[in-house]
**Q** 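Before I ask anything, let me first share the structure, which is written out below as structure tokens.
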Amino acid sequence: MWKRRVMKKKAIALLKHNYRRMVSVCFLIAVLTSAYAVSTTFLNLQIPSSYAPAESVFTLSIPNSEAVIGAVHNFADSTSLPGLLHGIPEAIIAVLIDLFSSTISVFFTLLRTANAAFTGGFGLPVIFSAVSVLFAFLYQIFVSNILIIGERRFFLENRSYRNTRISKIFFMYKLRCERHPAWVMLCRSFFQFLWNLTVIGGIIKHYEYLMIPYILAENPKVGRREAFSLSRQLMRRNKWKFFLLDLSFLGWHFLSLCTLGLLSYLFVHPYAAACRAEIYATLRRNYVLSRSPGYEALNDSYLEHVPSEDELLISKALYDDSQGPYTKISYFAPDEYPVFLFSVQPPLKAVKNPVNPARRYDALSYLFLFAAFSIFGWLLETLLQLLTNGIRTAEPILIGPWLPLYGIYGILLLIFLRRFYKKPVTTFVLCGLLYSVLEYIASVVIEMLTGIRVHDYSDFFLNLNGRIYLGESVSFAVIGCAFLYYLAPRWTDRYMKLGHSRRVLTCVILYSLFIADVIFSFRLIFI
């Protein structure tokens, strides 16, 4: 049995001890997945403005509310049901939809596709929209769901190991164990959707399936039926108590709405996540001790028992005999979970030496990374537009797959911010500030040279002259940290393996294509 007050006290104690990491994990999950939609509202809130700057090249993402209201109007027009929204202010509907929904969603992407087909007929935009539905579906399965399991793993380890790293949310990818958990989570979502059609059954099944991500976080190899059965057993006679627990957070969620979601990721979500992790730990402990059916699947005893140094040495010696993949690189970090003792081990080819964000880069590496970041930025922007708009709406200045702003941003990060890599919070803030300055200057310069406003953020909350806004700066702070801590060192390691002559040839080819693209694109603009 568990008591709500006891679980909350333990969660508060964890927050006091490891506040920054817990907040960082919840914020990353909010940004990268469809969870915690309210917590990022203050970043991307759009407010109608009378300010009308020069015409923008890039069309901003279509809000979910616009997709829903457009679909309702299309349906009403086609079925002679005018007045379906009569008496309900569309502004209120729009705010509520955007508050409680995620931009990257299969449902809303499907709505955008349906709207495109209804208004424009079948054509290339509809084909792009259909492809975007597939992308959104795959993103939900192989990114959002996997990261949610990673978040559960972080909070489970954080209970006993106070130096648990933020990168733990990516542990499924490190294990190369995404397919089976993705399948189980897909089944969970599908069954939940079917039960939601009955309303009451949907609420009951929501709590019945609540422990599935935690079970997968503990044992990614657990079978689908076994995961559902274990969750059902763990939540037996606990669904009502969990419902009351959620009700106890309503006041906090209301205050979060008053702060446009800011309070959610600063306190509410870390608090609730820590509380749920404590409850799962209590339920699984009681289940294992009672030797209930299927308890063997809950096989990660190190979530509860922190091994001593002697136990680690003995385990390491025994593990060496098995010649496993972690043999050469396992280490004993204080207050961190011993990953080489985890029940699921990655294949040998998946185990790589840790990246070194403080490494040095030579001139060829900087040239290569500029081109690599520029191409990466183009791919990322294209994917995000397909996911959020349903179509490729942007018409970049360059014809080829280049976004030089990403390349300049990445190189400046490596030159000026690499020295701060041991202070991730400081690095995150500086990444956001650096991008904001760079984006503002680039917007002014391009508009002066071409007369074209590349972006128009005048309708967004907390924008500066419509050229930058808070949400974009925060998003690029996340991207900048990914550049600095992982992408740049990992890509450079692979680039250095080519040998000097091949590295030079690679740069010559890339920059020949880039310069040719710049010349041709600007000739089209000015002629």
Side-chain angles (χ1 to χ4, degrees), residues 14 17-18 20-22 24-25 28-29 143 145-182 184 213-222 273-274 277 280-281 284-285 288 296-357 421-422 424 481-482 485-486 489-490 493:
L14 286 174
H17 192 277
N18 210 1
R20 288 194 298 179
R21 293 190 184 187
M22 294 169 70
S24 299
V25 165
L28 284 175
I29 293 298
V143 178
N145 287 343
I146 299 301
L147 291 180
I148 287 172
I149 296 173
E151 181 213 29
R152 305 299 195 265
R153 181 71 196 185
F154 170 86
F155 279 96
L156 288 177
E157 288 189 15
N158 185 64
R159 296 177 55 257
S160 303
Y161 304 92
R162 300 303 173 86
N163 286 337
T164 301
R165 300 185 181 187
I166 297 172
S167 60
K168 184 60 67 173
I169 64 176
F170 303 106
F171 92 109
M172 284 290 189
Y173 299 109
K174 295 179 180 179
L175 294 177
R176 297 286 179 91
C177 184
E178 311 97 347
R179 295 182 182 179
H180 179 70
V184 177
Y214 291 96
I215 295 169
L216 291 170
E218 179 173 356
N219 182 4
K221 295 292 187 180
V222 66
Y280 172 77
R284 73 166 296 281
R285 185 190 310 120
V288 171
E296 299 88 354
L298 304 177
N299 56 7
D300 194 351
S301 61
Y302 294 104
L303 288 175
E304 295 288 338
H305 168 64
V306 179
S308 65
E309 185 175 348
D310 290 339
E311 289 177 297
L312 285 173
L313 290 171
I314 294 172
S315 300
K316 178 64 163 57
L318 295 174
Y319 183 79
D320 282 345
D321 293 337
S322 67
Q323 297 180 357
Y326 279 135
T327 301
K328 296 181 180 179
I329 65 170
S330 60
Y331 61 95
F332 305 147
D335 289 328
E336 284 190 33
Y337 181 90
V339 293
F340 69 98
L341 295 179
F342 189 55
S343 60
V344 178
Q345 293 293 294
L348 186 59
K349 63 181 180 180
V351 180
K352 302 175 182 178
N353 292 326
V355 295
N356 179 20
Y421 79 97
K422 290 185 178 180
C481 289
Y485 286 100
Y486 184 79
R490 185 65 76 193
D493 288 341

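None of these values were measured; they are calculated from a predicted model.
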**Q** Sequence neighbours left out, what passes salt bridge (Lys or Arg N to Asp or Glu O under 4.0 Å) with Arg285? Give chain and number order.
**A**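 Result, salt bridge (Lys or Arg N to Asp or Glu O under 4.0 Å) vs Arg285: Glu304.
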**Q** Taking ring-ring contact (aromatic ring centres under 6.0 Å, His included) as the definition, give me every residue that meets it alongside Phe155, ordered by chain and number, with sequence neighbours left out.
**A**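 Once residues adjacent in sequence are excluded, Phe155 has no partner under the ring-ring contact (aromatic ring centres under 6.0 Å, His included) criterion.
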**Q** Once side chain to side chain contact (heavy atoms under 4.5 Å, CB included) is applied, do any residues pair with Val355, and if so which ones, sequence neighbours excluded?
**A**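 Val355 satisfies side chain to side chain contact (heavy atoms under 4.5 Å, CB included) with Tyr486, Pro489, Arg490 only.
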**Q** Roughly how far, to the nearest 0.5 Å, is OH of Tyr173 from OG of Ser167?
**A** 14.0 Å
**Q** Can you tell me how far CZ of Phe171 sits from CG of Leu147, rounded to the nearest 0.5 angstrom?
**A**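 Result: 11.0 Å between the selected atoms.
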**Q** Which residues pass the salt bridge (Lys or Arg N to Asp or Glu O under 4.0 Å) test with Arg153, not counting sequence neighbours?
**A**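 Arg153 satisfies salt bridge (Lys or Arg N to Asp or Glu O under 4.0 Å) with Glu157, Asp300 once adjacent residues are dropped.
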**Q** Check whether any side-chain heavy atom of Arg162 sits under 4.5 Å from a side-chain heavy atom of Leu14, and report yes or no.
**A**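 Side-chain contact under 4.5 Å: yes.
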**Q** Let me confirm one number: the CD1-CD distance from Ile149 to Glu178, rounded to the nearest 0.5 Å.
**A** 10.5 Å
**Q** For residues Arg152 and Ile29, determine if any side-chain heavy atom of one lies less than 4.5 Å from a side-chain heavy atom of the other.
**A**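 Not touching, per the 4.5 Å side-chain cut-off.
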**Q** Among residues at least two apart in sequence or on other chains, which ones pass side chain to side chain contact (heavy atoms under 4.5 Å, CB included) with Asn356?
**A** Ala358, Arg359
**Q** If you take all heavy atoms of Ala277 and Leu156, which pair is closest and at what distance?
**A**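 Reported closest heavy-atom pair: O-CD2, 3.9 Å.
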**Q** Nearest 0.5 Å please: distance from the CD1 atom of Ile169 over to the OG1 atom of Thr164.
**A**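 Rounded to the nearest 0.5 Å, the CD1-OG1 separation comes to 13.0 Å.
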**Q** Could you give the distance from CD (Glu151) to CD1 (Ile146), rounded to the nearest 0.5 Å?
**A**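 It comes to 13.5 Å.
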**Q** Within a strict 4.5 Å, meaning less than it, do heavy atoms of the Arg21 and Asn163 side chains meet?
**A** yes
**Q** Hey, what do you get for CG (Asn145) to CE (Met172), rounding to the nearest 0.5 Å?
**A** 11.0 Å
**Q** Under a 4.5 Å cut-off applied to non-hydrogen side-chain atoms, are Tyr161 and Asn18 in contact?
**A**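 In short, these two side chains do not touch, never coming nearer than 4.5 Å.
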**Q** Using the rule given for side-chain contact (heavy atoms from CB on, under 4.5 Å), can you reason through Leu341 versus Leu312, listing the C-alpha separation, both sets of side-chain angles and the distance that settles it, and then say yes or no?
**A** CA-CA 9 Å; Leu341 295 179; Leu312 285 173; 4.1 Å; yes
**Q** Less than 4.5 Å apart, any side-chain heavy atom of Pro346 and any of Cys177?
**A** no
**Q** With Ala297, which residues qualify under side chain to side chain contact (heavy atoms under 4.5 Å, CB included), at least two apart?
**A** Asn219, Val222, Glu226, Leu230
**Q** Indicate the atoms forming the closest heavy-atom contact of Asn158 with Met22, along with that distance.
**A** ND2-SD, 3.6 Å
**Q** Heavy-atom distance under 4.5 Å between the side chains of Lys221 and His180, does that happen here?
**A** no
**Q** What orientation do Tyr280 and Tyr214 show, parallel under 30°, tilted 30 to 60°, or perpendicular over 60°?
**A** parallel
**Q** Identify the two heavy atoms, one from Lys168 and one from Val339, that lie closest to each other, and give their separation to 0.1 Å.
**A**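 That closest heavy-atom pairing would be NZ-CG1, 3.9 Å.
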